[in-house]
Amino acid sequence: MYSQYSTKVIEHFMSPHNVGSMVDYDGKGTYGDSNCGDSLTIYIKVKDNIIEDISFLVFGCTASIAASSMTTVLAKGKTLEEALKITEQDIVDALDGLPENKLHCSNLGAGALKNAIKDYKENKSKLG
Ligand code: FES
């Protein structure tokens, strides 16, 4: 059933990292794919411009769960500027590839992460 996926994808699907919602988040971002209906929410906690904690909740397919998990692994400990540079391709590469028809699943991770950082910056500017 999973033969189309790399070992990394299977690992992150079976044991996702940083899964769950976060109550005291500093930024929260959601990104969905209207074609398949899958949706990801990422929560971040930021200290001294660094993503010190991150978690996610996803409603989606095997690849989206693995890609969401990998996105959090790539972003944790990064500065906001570094995290904003994480691309869909970075996520795909870190997963040792995704099948052609599942490449779009990596969009969720990159999109939700960017939206969470945007939300953090907006929240921060409101606080002055
Ligand atoms: Fe759409 Fe995976 S099938 S995110």
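FYI, side chains are in, hydrogens and waters are out, and symmetry mates aren't considered; it's all heavy atoms of this structure. Both counts, for ligands and for their atoms, begin at 1 and track the order of listing.
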Residues in salt bridge (charged side-chain N to carboxylate O under 4.0 Å, His left out) contact with Asp90, at least two apart in sequence or another chain: none
Quick check: does any side chain N or O of Asp38 sit under 3.5 Å from a backbone N or O of Cys61, one acting as donor and the other as acceptor? yes
Report all side-chain donor-acceptor pairs from residues 43-51 shorter than 3.5 Å, counting only partners two or more places apart or in another chain.
residue: Lys45; atom: NZ; partner: Asp24; partner atom: O; Å: 2.8
residue: Asn49; atom: ND2; partner: Glu81; partner atom: OE1; Å: 2.8

Results of side chain to side chain donor-acceptor pair (under 3.5 Å) for Thr41 - residues two or more places apart only: Thr30
Would you check if Thr7 and Asp96 make a side-chain contact, meaning some heavy-atom pair closer than 4.5 Å? no
Which residues and atoms, counting only protein N, O or S, are under 2.8 Å from atom 2 (Fe) of ligand 1? Cys61 SG, Cys105 SG
Within-4.5 Å side-chain heavy-atom neighbours: Gln4 and Asn101: yes
